[in-house]
Amino acid sequence: MILDIEKLLKFIMESLEKRLDFDRGMVMLANKQKDSLVYTVGYGHNPRDESYLKNIKFHLDNPLSKGTAVDVFRKQKPVLINDVSEIESDLSAKSLDFVRAMGSQAFICVPIIYKGESMGVLIVDNVQSKKPLSQTDMSLLMGIAPQIGISINNAIAYRKIKESEERFRSLSENAPDIIYTLGINGEFTYINPAIEPNLGYRPDEIVGKYFVDVTTKEDVSKYIRAFKQVRDQKQTLKEEIGILIHKDGTERYFSISGAPNFDSEGNFIGLVGIFKNLTDIRRSEMELKRSLEKLQLAMSSTIDAISMIVESRDPYTAGHQRRVAKLAVAIAQELGLSEERIELIRMGGLIHDIGKIYIPASILTKPSKLGDLEFAMMRSHPTVGYKILNKVDFIPVIVDIVHQHHERIDGSGYPLGISGDDIFLESKIVAVADTVEAMASNRPYRPARGIAFALEEIRKQRGFTLDALVVDACLRLFEEKSFTFKLDSEETTDVNAYWV
Ligand SMILES: [Fe+2]
């Protein structure tokens with residue numbers, strides 16, 4: 001079967017020339033746009049005629065065109081003319097020129113049709129021999145024309161497949177992602193050159209290997225299962241994140257896609273898919289995570305430092321913030337909060353009294369009752385802390401904890417006097433932890449009252465000034481889960497840390 005159109009038509013012309021008794025023959029085909037009939041191939045023409053023919057074009061989009069070839073093409077009916085002069089009056093000036101230029105006296109023009117659609121026309125004439133043309137000749141040509149139609153159509157279909165194959169190949173050869181096909185046993189049947197920069201292999205080193213040859217050992221059964229799903233259930237594997245092994249043995253992250261591949265008869269012939277390299281994305285994600293961790297570490301150290309500065313001025317609250325942080329974290333865990341929220345609560349607890357930095361040490365450590373002004377100053381510490389942290393654009397949740405840790409759910413707290421859900425859960429947790437720790441420990445103006453007293457107090461305040469769920473969690477910690485305030489890295493100089 002000849003599938004190249006030019007070659008095919010030449011072959012047809014040669015056969016016509018050898019086997020039939022016509023002096024000249026030619027095929028005119030509709031162009032791609034189907035707006036013109038153009039000379040495609042012929043025999044028996046001298047070079048001058050041939051170059052004339054190559055430039056001639058019959059318009060199919062002009063309804064007034066009345067050339068014979070156009071008419072045959074449109075009406076799909078053959079025409080036999082034995083004396084051109086008989087039809088001269090019916091022809092347009094252009095067609096007349098054509099007929100005269102070709103020197104035709106008699107000719108046959110038959111349509112080339114495929115599946116009901118005109119593809120072109122076949123024209124023969126006897127310019128040398130002047131042999132008359134007959135109905136038999138025309139019938140013979142009418143028998144041949146459909147064969148030409150089928151052959152041309154096959155050639156066009158083949159050319160289209162080749163073109164689309166070439167398009168796929170050029171797309172695939174230049175794609176940055178790995179494009180592959182697997183055979184029915186999971187072996188690579190094609191892989192594009194992107195395999196080399198991504199996995200270090202040349203395409204010819206991979207074709208014939210199995211897909212599982214480039215996966216980790218642990219993933220082999222997973223991918224065999226996936227392959228069977230694509231094969232048996234015709235499922236598509238969509239952007240599965242997986243590891244493929246580079247030729248140098250290192251692991252690379254890929255997004256792996258695969259779809260069933262069928263031949264023209266619908267038989268499953270394997271998989272076709274893409275591996276998208278995610279290693280760089282993964283690496284930058286890891287770098288981002290690392291720098292975030294570093295930042296968190298730096299933040300954590302800063303908070304520790306702030307906490308120590310506040311406490312260094314006030315021996316009675318030394319360790320207070322750290323113990324509040326410890327209890328607040330335990331309550332948050334008891335309440336099932338996320339790790340991120342718990343970490344913010346820990347940091348908020350560690351610096352919740354940062355505003356005390358502005359209060360003179362004499363007030364902080366005063367052993368007797370505070371005067372009105374002193375009391376007002378003492379009560380300003382949440383606002384002062386809020387202002388300090390707000391100025392440096394601190395993490396909002398921590399700023400809120402500092403601001404709200406003396407607020408009470410019935411609105412009796414300070415500095416804002418807000419109530420209920422206007423107080424964030426994080427602040428409510430620190431408020432309970434702060435209350436328990438403050439009551440249980442020594443104060444300049446009173447000795448420690450002990451944990452039992454502190455727990456009794458919050459039980460009384462449960463649902464009134466302190467959040468009921470938070471209080472319940474705190475009570476469970478002490479009464480059922482043996483919570484202790486003693487810190488993991490307690491320094492021996494901090495006597496208050498050992499009060500429990
Ligand atoms: Fe406070």
Side-chain angles (χ1 to χ4, degrees), residues 2 4-31 36-60 65-114 118-152 155:
I2 300 172
D4 179 291
I5 293 184
E6 311 296 318
K7 273 192 201 157
L8 170 82
L9 288 171
K10 272 212 170 76
F11 174 78
I12 292 170
M13 285 297 112
E14 279 164 18
S15 307
L16 281 180
E17 190 178 5
K18 273 184 216 157
R19 295 184 192 167
L20 304 176
D21 203 12
F22 302 114
D23 292 346
R24 301 190 302 192
M26 68 167 155
V27 167
M28 294 186 89
L29 292 179
N31 61 0
S36 305
L37 270 180
V38 289
Y39 170 81
T40 311
V41 72
Y43 73 90
H45 301 100
N46 62 40
R48 189 186 57 85
D49 287 350
E50 190 138 350
S51 72
Y52 170 80
L53 284 169
K54 278 179 181 163
N55 289 313
I56 202 97
K57 212 184 224 186
F58 291 127
H59 290 286
L60 293 169
S65 292
K66 33 181 198 164
T68 310
V70 172
D71 213 40
V72 167
F73 181 90
R74 281 187 184 146
K75 293 182 180 154
Q76 303 190 334
K77 289 221 164 73
V79 167
L80 162 62
I81 305 292
N82 259 321
D83 187 357
V84 169
S85 59
E86 282 174 14
I87 57 160
E88 275 181 359
S89 56
D90 296 335
L91 293 176
S92 65
K94 193 175 170 189
S95 296
L96 203 56
D97 274 355
F98 175 73
V99 169
R100 283 186 182 147
M102 298 306 297
S104 291
Q105 272 309 305
F107 67 88
I108 295 174
C109 180
V110 297
I112 300 171
I113 302 164
Y114 177 75
S118 296
M119 302 182 76
V121 292
L122 169 65
I123 304 170
V124 297
D125 68 0
N126 284 332
V127 72
Q128 304 277 325
S129 62
K130 307 269 191 253
K131 199 178 137 199
L133 296 163
S134 65
Q135 281 295 328
T136 315
D137 291 330
M138 193 166 79
S139 302
L140 188 69
L141 290 170
M142 280 300 283
I144 292 169
Q147 301 304 317
I148 300 177
I150 292 167
S151 302
I152 292 173

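Keep in mind that what you see is a predicted model, and the values were worked out from it rather than measured.
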Check whether any side-chain heavy atom of [X] lies under 4.5 Å from a side-chain heavy atom of [Y], and answer yes or no.
X      : Y      : answer
Phe107 : Val124 : no
His59  : Val70  : no
Ile87  : Val79  : no
Val110 : Met138 : yes
Lys7   : Lys10  : no
Ile81  : Glu86  : no
Glu50  : Lys54  : yes
Glu88  : Val99  : no

Using every non-hydrogen atom in the two residues, find where [X] and [Y] come nearest and quote the distance to one decimal.
X      : Y      : answer
Ile123 : Ala69  : CD1-CB, 4.4 Å
Ala30  : Leu60  : CB-CD1, 4.1 Å
Met142 : Pro111 : SD-CD, 4.0 Å
Met102 : His45  : CE-CD2, 3.5 Å
Ala106 : Val84  : N-CG2, 4.2 Å
Tyr43  : Asp23  : CE1-O, 3.6 Å

Inter-residue atom distance [X].[atom1] - [Y].[atom2], 0.5 Å rounding:
X      : Y      : atom1 : atom2 : value
Phe73  : Ile112 : CZ    : CD1   : 10.0 Å
Leu140 : Ile108 : CG    : CD1   : 8.5 Å
Leu80  : Ser134 : CG    : OG    : 7.5 Å
Arg24  : Leu53  : CZ    : CG    : 8.0 Å
Arg19  : Glu14  : CZ    : CD    : 11.0 Å
Met119 : Ile152 : CE    : CD1   : 5.5 Å

- [ ] Measure up the Phe98 and Tyr52 rings against each other and bin them: parallel (under 30°), tilted (30 to 60°), perpendicular (over 60°).
- [x]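 The rings of Phe98 and Tyr52 lie parallel, inter-plane angle below 30°.
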Open item on the list: Using a 6.0 Å cut-off, check whether atom CG of Asp21 has over 12 heavy atoms from anything other than its own residue.
Closed with: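 Not more than 12 within 6.0 Å, no.
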Open item on the list: I need the single residue from Leu122, Thr40, Ile56 that forms a side chain to side chain contact (heavy atoms under 4.5 Å, CB included) with Met28. Which is it?
Closed with: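 Output: one option passes, namely Ile56.
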Open item on the list: For Val72, run the side chain to side chain contact (heavy atoms under 4.5 Å, CB included) check against Pro78, Cys109, Ser118 and tell me which one passes.
Closed with: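 The residue from Pro78, Cys109, Ser118 that satisfies side chain to side chain contact (heavy atoms under 4.5 Å, CB included) with Val72 turns out to be Cys109.
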TODO: For side-chain contact (heavy atoms from CB on, under 4.5 Å), just list the numbers for Asp83 and Gln105, CA-CA rounded to whole Å, side-chain angles, deciding distance to a tenth of an Å, and then say yes or no.
DONE: CA-CA 6 Å; Asp83 187 357; Gln105 272 309 305; 3.8 Å; yes
Open item on the list: Under a 3.5 Å cutoff, is there a donor and acceptor pairing between the side chains of Thr68 and Asp71?
Closed with: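 Thr68 vs Asp71: no donor-acceptor pair found between side chains.
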TODO: For Phe22 and Asn126, run side-chain contact (heavy atoms from CB on, under 4.5 Å): C-alpha distance rounded to whole Å, both residues' side-chain angles, the deciding distance at 0.1 Å, then the answer.
DONE: CA-CA 6 Å; Phe22 302 114; Asn126 284 332; 3.9 Å; yes
